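Have a look at the structure below before the remarks.
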Amino acid sequence: MQRTVAAAEFLAASALSQADAVGAFARDGLLSSQEVFTQQLVTGLSNGMIIALIAIGYTMVYGIIELINFAHGDLCMLGAYFALTVVGALGVDHWVGAGGLMGLVMVLVGTAAFCGSLNWSINRLAYRPLRKASKLSLLVSAIGASFILVNLGLFWGGLPMDVFANGTSSAAPKAFPALVSAAPAAQIGDVIYSRTDLLVLCVTLPLMVALTYLVRFTKLGKAMRAVAQNPTGASLMGIDVERVIGATFFIGGSLGGFATVVYSLYNQTVSFQMGYRMGMDAFIAAVLGGIGNLPGAVLGGILIGVIRSMSDGYLEARWTNTVVFGILILILVFRPSGLLGAKLREKV
Amino acid sequence: MIRRTASIVAALTGAAFLLAAAPLNHAQDTPSKTLKIVSSLPQTGSANAQTTSIVNGIKMAIEERGAVVDGFKIEFEAMDDASPQKGNWDGQIESANAKRAIADPAVVGYIGTYNSGAAKISMPLLNKAGVVMVSPGNTAAGLTKPGLGEPNEPAVYRPSGKVSYFRVVPADDIQGAVACEFCREDLKAKKVFILHDRELYGKGIADVFKKTAESTGVQVVGFEGIDAKASNYRSLVTKIRAAAPDAVFFGGTTQTNAAQVLKDLRAGGCKVPFVSPDGTFEKAFIEAAGKDSVTKDQGGVYITFGGVPSEMLTGIGAQFVKNYQKKYGEIPEAYAVYGYEAGCVLLDAIDRAETKDRAAIIAAVAATKNFNGALGTWSFDENGDTSIRTMSINTIEDGAFKFVRTAGGAAKAK
């Protein structure tokens with residue numbers, strides 16, 4: 001084990017010295033245009049991977065019951081408050097070394113379980129009774145669920161806890177403790193690869209691989225695909241459709257839970273309003289990639305992240321939303337079902 | 001069915017209008033003996049701690065007079081101009097507040113707003129109706145001063161042609177310049193990067209900062225409006241790093257994501273001084289920024305403020321801070337004393353007014369000269385601005401604001 005670490009360090013060091021020698025990546029505190037581009041790409045990818053993980057939750061639910069789950073972003077917001085509460089209650093931010101890593105994993109898994117269960121309950125209480133109703137009723141129910149979650153977040157933020165600065169103002173943005181320091185994990189020239197960038201990668205990639213495995217190769221995954229294709233047919237084949245839908249909500253929600261912890265660690269701020277932006281970005285990503293399509297959501301998320309980053313970097317920040325929506329409109333004009341979406345019958 | 005639904009909707013809308021237009025209380029019962037003062041401040045959202053202490057300040061001003069002025073009973077109501085959706089001031093609510101105040105004949109004074117952008121909405125409404133407005137917190141220069149904002153400012157806020165808006169806090173033409181001077185003199189900055197939140201206040205002060213920088217030989221290496229709702233600003237930070245400034249100025253407030261900008265600067269590896277205006281001079285900013293991003297070794301944070309912090313006040317001001325602590329058990333936020341001063345100057349004008357009608361009270365406020373208050377001895381000028389020009393520079397240490405030095409001040413006073 002020790003040897004591998006040493007080898008990795010050697011590799012990193014040689015990569016650094018090589019890069020320094022190239023010149024374009026000189027470590028002089030002044031960023032060359034190449035370094036700026038690389039740094040923007042890193043930022044874009046990190047933001048994009050987080051968006052992608054949230055978008056998966058959107059797209060899974062759409063794929064299976066054709067509902068645009070507007071409560072998804074706010075579910076993630078509530079997950080962030082849960083994570084912050086756990087961190088504050090157990091003092092995870094004071095754990096060091098291996099304990100700190102364990103604490104981080106615990107917060108990640110705990111929040112995922114919380115968000116998963118919550119999403120499952122929302123489905124049970126707000127969506128399942130409307131299964132036979134029109135799609136529009138379902139959509140309105142989702143918007144209602146979103147409002148309830150936002151107000152729960154507002155209430156939660158006002159609880160007198162140390163970690164909320166004793167709730168002096170319920171609506172104030174809360175600082176999320178830096179469980180993972182923002183210090184550079186590696187620096188090539190002046191391009192900084194921070195530990196939080198690394199964290200994003202270490203959490204999102206394995207989850208995406210695991211999800212792909214689950215959907216493609218397990219019995220549950222097969223059942224999910226069957227229900228997505230034809231719920232009536234699936235139930236005739238002996239699949240418990242409601243159970244599969246419940247499982248989909250749980251999995252989508254828990255991915256959102258992982259995403260929200262990573263998001264909070266990356267941005268170090270939690271606010272009851274953050275759900276709107278998270279949900280909006282993820283929704284656009286899901287539509288861009290082809291809603292209902294899992295690889296599409298990932299591709300869409302990464303694209304949105306990188307486009308935002310490049311637009312901030314090379315245009316002006318105030319044009320970023322215009323650029324993102326402009327590209328979305330263009331893609332939808334020429335490929336109405338998104339980048340990877342199959343040509344489907346009319347939905348909603 | 002559709003027709004019935006439509007008629008129900010129409011009836012409900014009608015009812016809503018009636019409610020909106022209904023007076024705040026039934027003042028007709030005692031028309032001559034009760035006068036009412038209202039405040040309109042953002043009390044939903046992170047500015048709540050700041051604005052609650054402003055309201056407390058106004059209440060203390062009224063209580064000190066026993067809620068009676070010249071035989072008239074003074075009533076007070078604090079209105080909220082923020083919405084939960086925005087967590088910040090909301091133009092629709094500010095407009096509704098102003099209309100409610102106008103519709104109530106007992107209302108003779110409107111204390112507000114906190115945000116300059118909100119003032120832009122209620123100022124013309126109140127001016128037309130002839131209700132005096134005293135702001136404890138607006139600092140955008142264009143609200144009162146010709147030639148410093150848009151070409152049609154401030155005339156556009158005065159449809160009646162008369163000045164009916166006054167503020168007890170010095171404006172941003174002074175604050176923006178002071179912030180720039182501080183960057184040049186104390187921080188030895190030769191290059192600055194300027195960010196703003198694209199709001200009236202934030203963009204306004206950033207413009208003044210830019211103008212001052214250009215005229216004093218400080219190079220402006222970037223000037224950009226941010227998306228106040230973005231989740232982070234890492235890409236912008238890379239752009240800032242590439243421009244290699246000696247300091248970053250952010251024209252904006254805690255509510256328009258000042259703390260996130262600061263955190264991303266530090267996380268993105270940009271460790272230069274961060275300078276922001278009075279919109280971030282509140283505990284909520286320190287809370288949101290967290291303890292790691294504000295330290296000196298990360299570049300430091302400096303906040304300008306149109307006056308001095310509570311603990312530096314003297315005379316009546318110091319007495320106010322003492323009384324406030326006794327009554328509410330905490331040191332007031334920076335703007336509490338401005339709420340108190342706005343209340344005092346308004347009550348003083350009501351006292352001096354011959355008749356207690358709205359027009360006479362506007363005239364009495366305008367005639368305020370050498371007012372001896374918590375902020376010192378000062379007057380309103382012909383634009384409705386205070387004659388005070390003292391500013392302070394503050395930093396953050398151990399989770400609290402710490403006074404650095406005064407600036408602006410008497411040297412430039414007329």
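Keep in mind that what you see is a predicted model, and the values were worked out from it rather than measured. Chain naming here is simple, since letters A, B, ... match the order of the sequence lines and numbering starts at 1 in each.
- No more than 12 heavy atoms of other residues, nucleotides or ligands lie within 6.0 Å of CZ in A:F37, so this atom counts as exposed by the packing criterion.
- The residue among A:V270, A:N47, A:V42 with the most heavy atom pairs within less than 4.5 Å of chain B is A:N47.
- Between A:N267 and B:Q260, the closest side-chain pair of non-hydrogen atoms falls below 4.5 Å.
- Looking only at heavy-atom pairs under 4.5 Å with chain A, the residue among B:S293, B:S231, B:G290, B:G399 that has the most is B:S231.
- The part of A:Y263 that comes within reach of chain B is its side chain, from C-beta onward, which places non-hydrogen atoms under 4.5 angstrom from that chain.
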Given A:N321 and B:D227, is the side-chain contact (heavy atoms from CB on, under 4.5 Å) satisfied, shown in steps?
-> CA-CA 9 Å; A:N321 280 332; B:D227 170 5; 3.4 Å; yes
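- Heavy atoms from other residues, nucleotides or ligands lying under 6.0 Å from CH2 of A:W319 number 12 at most.
- Between A:T43 and B:R234 the shortest heavy-atom distance is CG2-CB, 3.1 Å.
- Closest non-hydrogen pair, B:K263 versus A:T269, comes out as NZ-OG1, 2.7 Å.
- For the set B:S235, B:S46, B:G268, B:G269, the count of heavy-atom pairs under 4.5 angstrom toward chain A peaks at B:S235.
- Of the atoms belonging to A:T320, not a single heavy atom falls under 4.5 Å from chain B.
- In this structure, A:L152 places its CG atom where more than 12 heavy-atom neighbours from other residues, nucleotides or ligands lie under 6.0 Å away.
- No more than 12 heavy atoms of other residues, nucleotides or ligands sit less than 6.0 Å from atom CD of B:Q92.
- The two atoms that bring B:A288 and A:A175 nearest to each other are O-CB, 3.7 Å, heavy atoms only.
- Counting heavy-atom pairs closer than 4.5 Å to chain B, the top residue among A:E316, A:M278, A:Q40 is A:Q40.
- Using a distance-only test at 3.5 Å, with no hydrogens or angles considered, no donor-acceptor pair links the side chain of B:K229 to the main chain of A:R277.
- In this structure, NZ on A:K174 lies 7.0 Å from CD on B:E287, to the nearest 0.5 angstrom.
- Counting non-hydrogen atoms of other residues, nucleotides and ligands closer than 6.0 Å to CZ of A:F147 gives a total of 12 or fewer.
- Contact between A:L31 and B:A242 at its shortest, heavy atoms only, is CD1-N, 4.0 Å.
- A distance-only check finds a donor-acceptor pair linking the side chain of A:Q273 to the backbone of B:K86 [under 3.5 Å].
- Atom OH of B:Y328 has more than 12 neighbouring heavy atoms from other residues, nucleotides or ligands inside a 6.0 Å radius.
- The two residues A:A178 and B:D292 come nearest to each other via the heavy atoms CB-OD2, 4.4 Å.
- Within the model, atoms CG of A:D190 and OG1 of B:T238 stand 11.0 Å from one another, a figure rounded to the nearest 0.5 Å.
- Residue B:R241 comes nearest to A:Q39 through the heavy atom pair NH1-OE1, 3.2 Å, listed as atom of the first residue, atom of the second, then distance.
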